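The structure appears below as structure tokens.
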Amino acid sequence: INMSVIQLDTFKKFNNDAEIKIPGIETTWNVTFDDAYRVKSSMIASQVEKLYRKSNDDDYLNKLLDMPDAKRKERLTKDMDEMKTTCINGLNELLNDGKAGQQLYDTLGHSTEILAQIIGQLNDSADKTLDLNKEEQDKAQMHLYDSER
């Protein structure tokens, strides 16, 4: 019996290890986008999303408006601290470095929003790394703009 051989060579270049660099920061973090990473990143992203939803909920906003200024400021500060802690701890986990989240927070203008965006970009990077067809799709897309065809 003559059997045909099918080469699945899209996988020969596959590498799910990545170096993470952020401009203005000397540290380079090494991350492997594997199953454990994906579970971790999904959990962290969902925790951040949950806090965002809570802070944009109409009931929450109405309660804030009903509070005296001092109480409102106290509540907003407490909630921002919760979001900041979630993002810092999340980045520590995703980058396998117990100091990464605080380092990023300190370097990038003490912005919790920026930390949340970095978490999102790390998840996007994992998606792209694990999408083996991406390179071919990009080439096909570029071909559409090829002026010499």
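We're numbering straight along the sequence, starting at 1. Side chains included, hydrogens not; waters and symmetry mates left out as well; all remaining heavy atoms used. Predicted model, so just to flag it, every value in this text is computed and none were measured.
- Around the CG atom of Asn56, the shell of radius 6.0 Å holds more than 12 heavy atoms that belong to other residues, nucleotides or ligands.
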Sequence neighbours left out, cut at 3.5 Å: what donor-acceptor pairs do the side chains of residues 117-126 make with other protein atoms?
from, atom 1, to, atom 2, distance (Å)
Gln117, NE2, Glu113, OE2, 3.2
Asn123, OD1, Ser41, OG, 3.2
Ser125, OG, Gln121, O, 3.0

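- Taking all atoms of both residues into account, the shortest heavy-atom contact from Val48 to Cys87 is CG2-SG, 4.0 Å.
- Qualifying side chain to side chain donor-acceptor pair (under 3.5 Å) partners for Gln103, counting only residues two or more places apart in sequence or in other chains: Thr27.
- Hydrophobic cluster membership for Leu76: Tyr60, Leu61, Leu64, Met67 (Ile, Leu, Val, Met, Phe, Trp, Tyr linked by side-chain heavy atoms under 4.5 Å, directly or transitively).
- When all heavy atoms are compared, the tightest approach of Ala100 to Leu95 is CB-CD1, 3.8 Å.
- Listed by first and then second residue, the salt bridge (charged side-chain N to carboxylate O under 4.0 Å, His left out) pairs that reach into residues 60-70 are Asp69-Arg72, sequence neighbours excluded.
- Side chain of Ser55 to backbone of Tyr52: a donor-acceptor contact under 3.5 angstrom is found.
- Taking a 4.5 Å side-chain heavy-atom cut-off between Ile, Leu, Val, Met, Phe, Trp and Tyr, the cluster of Met80 contains only that residue.
- For the salt bridge (charged side-chain N to carboxylate O under 4.0 Å, His left out) condition, no pair includes a residue of residues 92-111, sequence neighbours left out.
- The CD1 atom of Ile25 sits 4.0 Å away from atom OG1 of Thr107, with the distance rounded to the nearest 0.5 Å.
- Remark: Ser46 engages no residue in a side-chain contact (heavy atoms from CB on, under 4.5 Å) (not counting sequence neighbours).
- When hydrophobic side chains of Ile, Leu, Val, Met, Phe, Trp and Tyr are connected at separations under 4.5 Å, Leu65 ends up as a singleton with no cluster partners.
- Evaluation of the side chain to side chain donor-acceptor pair (under 3.5 Å) rule for Thr85 yields no partner, not counting sequence neighbours.
- Here salt bridge (charged side-chain N to carboxylate O under 4.0 Å, His left out) pairs that include residues 38-51, with residues two or more places apart or in two chains, are Arg38-Asp127, Glu49-Arg53.
- Contact check for Asp17 versus Asn30: no side-chain heavy atoms found under the 4.5 Å cut-off.
- Annotation: side chain of Trp29 is not in contact with side chain of Leu94 (no heavy-atom distance under 4.5 Å).
- Annotation for Lys73: atom NZ does not count as buried by contact number, only 12 or fewer foreign heavy atoms lying within 6.0 Å.
- Distance check: Lys128 NZ to Leu130 CG gives 12.5 Å after rounding to the nearest 0.5 Å.
- For the ring pair (Phe, Tyr, Trp, His ring centres under 6.0 Å) condition, the pairs that include at least one residue of residues 91-128, sequence neighbours left out, are Tyr105-His110.
- Ile44 CD1 to Asn89 CG: the interatomic distance, rounded to the nearest 0.5 Å, is 8.5 Å.
- To the nearest 0.5 Å, atoms CE (Met43) and CD (Gln47) are separated by 5.5 Å.
- Chaining together hydrophobic side chains whose heavy atoms lie under 4.5 Å apart leaves Val5 on its own.
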